[in-house]
Amino acid sequence: MTQLTVHPLRRPLNDEAHARPPVAVPSPARLTSLTLLFEKNDAGQREALAELARRLGLPAPAPDAGNYSGVAGELGLRWSLHTEFAHYVFILPGACPDPFDRTALDRLPDDWLASLPGALMVAIHAVLLPAGEEKPVQEIARRWFAGRELIGGEIADGNGVAYTDLRLHPDPHLAEGFSRYVVVDRAMGPNQSGRMLQRLFEIETYRMLALLALPIAKQQMGEINRLGQKLRDVTEGMLEEERQDATLLTELTELATRAERMVGEHQYRFSASRAYYQLVTQRALELRERRLTGLQPFREFLERRLAPAMATCETVVGRQDRLVARVQRTTALLRTRVEVLHEQQNRALLASMDKRAELQLRLQETVEGLSVGVLTYYAVGLLGYLFKAAKAAGLHVNAELATGLAVVPVAALVWFGVNRVKRALGH
């Protein structure tokens, strides 16, 4: 059989289609969903899962597992690991008169719960009821939601109903309380019920994670305003003659540093929130929701409450980008101004150098004239001594006349020699 070269990522990528599959949940059942954020690494999350599996008598998870599921007696466990959070779902089948008082967490070791690593972000209790236990909306609100206004609607094309108030209710396991969901299985069956519950849990988880950027956005609005005002001051300072370019450049560099740091510190958070918001929208569509009279549907609630928060984050990201672009334009403008000033200074320097060179040339010509005179003087002086010596030797030479007559030819020879040397040096 022919063996083909297989890409090393073929199997992991193929198995990604089956990652984190929903668990079948028959009605009635009680479920608890916990989402824990971690900052640096996920080692502690894997260790916590391994410890729970050991104490429940379940098989140990793989060291590099991204998801895990098991059943210990009646308690079902589902765990999945994501980029920045770990998600637990505990499932306890069977009916219970007080499903939110006696939850799946009661079957877990208290010390294990207290030692869970990470920061708890989302905590949900949910109850799945069979069709025969469906009650009017008012009774459900009064019994399990303290009579508050509910959000919900028919899901799975009318095969189920889901209710919540998205508020935190008291719980012995957590001082801040748990969110509550009531889901009725009209005709969904275990598999579809599991998918619908998973989508509801994901909607709440991703909604909270998307909102993590909102406090940052509100804080950065003020910082962007301050940096924008400072940038306007620097730009206006470029029109003031008393403001030095070096001072403006220092202020502009500080502005650029602060702007880049502001963007770099929270760029991931804003990008992640955008991705989480898209997931929330997608999961809300997957509920295939129908409106119930008098109730606000999940999708409508999310659009009204979550969309403005995400719009605020997008506005801040846009303002960040525009601020950085303005800083870059102002820097380019100041750089151009400095370059033009340098060019003016260079032209003035070159003009000064040309004038100095002209003066040097004139001085050199003057010196050359003087040099010809001096050399002629010395040469004629030497010839005068030579003529006097010849006269003293008995030759009939008029030393004074000969010396006078030698001045012109000697001067011509000296001038010719100096110019020849000058031309040779010029080449």
Side-chain angles (χ1 to χ4, degrees), residues 22 25 27-33 35 89 95-101 103 122-171 177-190 192-211 214 276-311:
V25 182
S27 59
R30 288 162 285 166
L31 300 92
T32 295
S33 170
T35 301
V89 177
C96 179
D98 301 309
F100 293 112
D101 294 332
T103 66
V122 182
I124 303 172
H125 288 317
V127 56
L128 177 64
L129 302 175
E133 297 185 20
E134 183 175 359
K135 304 295 182 183
V137 176
Q138 294 78 7
E139 184 175 343
I140 291 177
R142 183 177 60 255
R143 182 177 180 184
W144 289 314
F145 297 97
R148 297 189 179 97
E149 182 181 358
L150 298 184
I151 302 163
E154 294 182 344
I155 59 176
D157 298 323
N159 291 322
V161 187
Y163 304 98
T164 186
D165 61 354
L166 292 181
R167 297 179 181 272
L168 300 180
H169 296 263
D171 187 272
F178 275 69
S179 301
R180 291 182 177 181
Y181 279 81
V182 173
V183 179
V184 180
D185 177 11
R186 288 177 174 174
M188 292 189 295
Q192 193 172 41
S193 295
R195 290 195 297 272
M196 291 296 113
L197 284 163
Q198 178 174 316
R199 287 164 186 164
L200 289 170
F201 293 156
E202 289 177 347
I203 287 174
E204 182 65 3
T205 297
Y206 294 141
R207 180 182 74 90
M208 294 290 288
L209 292 173
L211 287 173
L214 184 59
Y276 288 135
Y277 178 54
Q278 293 174 353
L279 288 172
V280 169
T281 303
Q282 179 184 349
R283 296 298 186 269
L285 290 174
E286 291 173 354
L287 287 177
R288 304 193 305 279
E289 189 178 11
R290 294 178 181 175
R291 180 183 292 273
L292 283 175
T293 303
L295 287 188
Q296 187 177 15
F298 289 101
R299 185 178 178 185
E300 181 179 307
F301 177 86
L302 292 171
E303 286 298 322
R304 289 189 59 188
R305 302 299 177 90
L306 187 57
M310 294 299 100

**Message:** Taking salt bridge (Lys or Arg N to Asp or Glu O under 4.0 Å) as the cut-off, I'd like each qualifying pair that reaches into residues 123-146, sequence neighbours left out, listed once.
**Reply:** E134-R186
**Message:** Run L200 and R283 through side chain to side chain contact (heavy atoms under 4.5 Å, CB included) and show every step you take.
**Reply:** CA-CA 8 Å; L200 289 170; R283 296 298 186 269; over 6 Å; no
**Fill in**
Applying side chain to side chain contact (heavy atoms under 4.5 Å, CB included) to L168 and not counting sequence neighbours gives S179
**Asked** So, for P99 and V127, which heavy atoms are closest and what is the spacing to 0.1 Å?
**Response** CB-CG2, 3.8 Å
**Message:** Under a 3.5 Å cutoff, is there a donor and acceptor pairing between the side chains of Q278 and Q282?
**Reply:** no
**Request:** Could you pull out all residues at least two apart from Y163 that satisfy side-chain hydrogen bond (donor to acceptor under 3.5 Å, both in side chains)?
**Result:** none
**Message:** What I'd like to find out is whether the side chain of L150 reaches to under 4.5 Å of the side chain of T164, using heavy atoms alone.
**Reply:** no
**Item:** Heavy-atom closest contact (A95 atom, P28 atom, distance)
**Value:** N-CG, 3.5 Å
**Message:** When you compare the side chain of T293 with that of V137, does any pair of heavy atoms fall below 4.5 Å?
**Reply:** no
**Message:** Checking F301 now: which residues fulfil ring-ring contact (aromatic ring centres under 6.0 Å, His included) with it, not counting sequence neighbours?
**Reply:** none
**Complete:** Separation between OG1 (T281) and CG (L302), nearest 0.5 Å, reads 7.5 Å
**Message:** Applying side chain to side chain contact (heavy atoms under 4.5 Å, CB included) to R148 and R167, what does each step give before you reach the verdict?
**Reply:** CA-CA 9 Å; R148 297 189 179 97; R167 297 179 181 272; 2.9 Å; yes
**Item:** All pairs passing salt bridge (Lys or Arg N to Asp or Glu O under 4.0 Å) where residues 294-305 contributes a residue, at least two apart
**Value:** R291-E300
**side-chain hydrogen bond (donor to acceptor under 3.5 Å, both in side chains) against D165, all qualifying residues, sequence neighbours excluded** = H169
**Request:** Specify the closest pair of heavy atoms between G194 and V25, including all atoms of both residues, with the distance to one decimal.
**Result:** CA-CG2, 4.0 Å
**Request:** Assess whether side chain to side chain contact (heavy atoms under 4.5 Å, CB included) is satisfied between E204 and Y181, documenting all intermediate values.
**Result:** CA-CA 11 Å; E204 182 65 3; Y181 279 81; 3.7 Å; yes
**Asked** Do the side chains of I124 and T32 get nearer than 4.5 Å, heavy atoms only?
**Response** no
**Asked** Can you name the salt bridge (Lys or Arg N to Asp or Glu O under 4.0 Å) partners of D157, sequence neighbours left out?
**Response** R288
**Asked** Is N159 reaching over with its side chain to a backbone N or O of A156, donor-acceptor style, under 3.5 angstrom?
**Response** yes
**Prompt:** So do the side chains of S193 and D185 get within less than 4.5 Å of each other, counting heavy atoms only?
**Reply:** yes
**All side chain to side chain contact (heavy atoms under 4.5 Å, CB included) counterparts of T205, not counting sequence neighbours** = T35, F85, V122, L209
**Item:** Between CZ on residue R30 and CZ on residue F100, distance to nearest 0.5 Å
**Value:** 11.0 Å
**Side chain to side chain, V182 and L129, heavy atoms closer than 4.5 Å** = yes
**Item:** Contacts of A309 that satisfy side chain to side chain contact (heavy atoms under 4.5 Å, CB included) - sequence neighbours left out
**Value:** L211, L214
**Message:** Return the CG to CD distance between L197 and Q192, rounded to the nearest 0.5 Å.
**Reply:** 11.0 Å
**Request:** Could you pull out the closest heavy-atom pair between V161 and L292, with the gap in Å?
**Result:** CG1-CD1, 3.6 Å
**Asked** Hey, mind stepping through D101 and D171 against side chain to side chain contact (heavy atoms under 4.5 Å, CB included) and telling me if it holds?
**Response** CA-CA 8 Å; D101 294 332; D171 187 272; over 6 Å; no
**Message:** If the condition is side-chain hydrogen bond (donor to acceptor under 3.5 Å, both in side chains), which residues does R180 pass it with, not counting sequence neighbours?
**Reply:** none
**Asked** Within a strict 4.5 Å, meaning less than it, do heavy atoms of the L295 and I151 side chains meet?
**Response** no
**Prompt:** What are the two closest non-hydrogen atoms of E286 and R199, and how far apart are they?
**Reply:** O-NH1, 3.2 Å
**Prompt:** Which heavy-atom pair separates A131 from V184 by the least distance, and what is that distance?
**Reply:** CA-CG1, 4.2 Å
**Item:** F178 and H125 aromatic ring geometry - parallel, tilted or perpendicular at 30°/60° bounds
**Value:** parallel
**Asked** Got a sec, which residues hit ring-ring contact (aromatic ring centres under 6.0 Å, His included) with F298, two or more places apart in sequence or on another chain?
**Response** none
